[in-house]
Amino acid sequence: QVRLVESGGGVVQAGGSLRLACAASGDNINIEAMGWDRQPPGRQRELVAFITDGGTTNYAGSVKGRFTITRDNAENTVYLQMNSLKPEDTAVYFCNVNGWRVELSRPRFSSWGQGTQVTVSS
């Protein structure tokens, strides 16, 4: 079992900032990619950003230039710095962690957090 603890969500005015964090833990895991999806109210879940174990990042076009994703490999934690927030950023944000277990067969896993609410007011 891979456990994810998300934090940093809240309510902020348009133009403000929030910083999300997701800490992963588990026995004998090797984490590769970490990232965030979001689900606006009444809409489908969508990719926000991810970062690989090598530091390569990818962002949705709607957040490019405003959001920054980073990770602390020693702490198995991924962060999402969200600046210049807009009302359309309002959503439940879900952490995603991908990797493999340190076993002979190296089985892969993909774990999702429970979600943290981000609300941006006009």
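For the single chain, residues carry numbers from 1 onward in sequence order. Just so it is clear, the structure is predicted and the values come from calculations on it, not from any experiment.
- Within the 3.5 Å criterion, the main-chain N or O of Ser84 finds a donor-acceptor partner in the side chain of Arg66.
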Give the intermediate values and the outcome of side chain to side chain contact (heavy atoms under 4.5 Å, CB included) for residues Phe67 and Leu85. CA-CA 9 Å; Phe67 291 10; Leu85 283 163; 3.8 Å; yes

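- Within the 3.5 Å criterion, the main-chain N or O of Val120 finds a donor-acceptor partner in the side chain of Thr90.
- No donor-acceptor distance shorter than 3.5 angstrom exists from the side chain of Gln39 to the backbone of Val92, with no hydrogens or angles considered.
- Environment of CD in Glu88: crowded, with over 12 heavy atoms of neighbouring residues, nucleotides or ligands closer than 6.0 Å.
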Please step through side chain to side chain contact (heavy atoms under 4.5 Å, CB included) for the pair Asn98 and Phe50, ending with a clear verdict. CA-CA 10 Å; Asn98 299 272; Phe50 69 83; over 6 Å; no

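- The cluster map of Ile, Leu, Val, Met, Phe, Trp and Tyr, joined by side-chain heavy atoms under 4.5 Å apart, puts Val2 and Ile31 in the same cluster.
- Note on Leu4: it does not cluster hydrophobically with Tyr79, by side-chain heavy-atom contacts below 4.5 Å among ILVMFWY residues.
- Although no hydrogens or angles enter the test, the distance criterion places no donor-acceptor pair under 3.5 Å between the side chain of Asp53 and the main chain of Ala33.
- No donor-acceptor distance shorter than 3.5 angstrom exists from the side chain of Gln117 to the backbone of Gly9, with no hydrogens or angles considered.
- In terms of heavy-atom proximity, Arg101 sits nearest to Asp27 at NH1-O, 4.4 Å.
- Cluster membership for Val97 and Ile29, using ILVMFWY side-chain heavy atoms within less than 4.5 angstrom, is shared.
- For the pair Tyr59 (side chain) and Ile69 (backbone), a donor-acceptor distance under 3.5 Å is present.
- In this structure, Phe94 is not a member of the same hydrophobic cluster as Val118, with clusters built from ILVMFWY side-chain heavy atoms closer than 4.5 Å.
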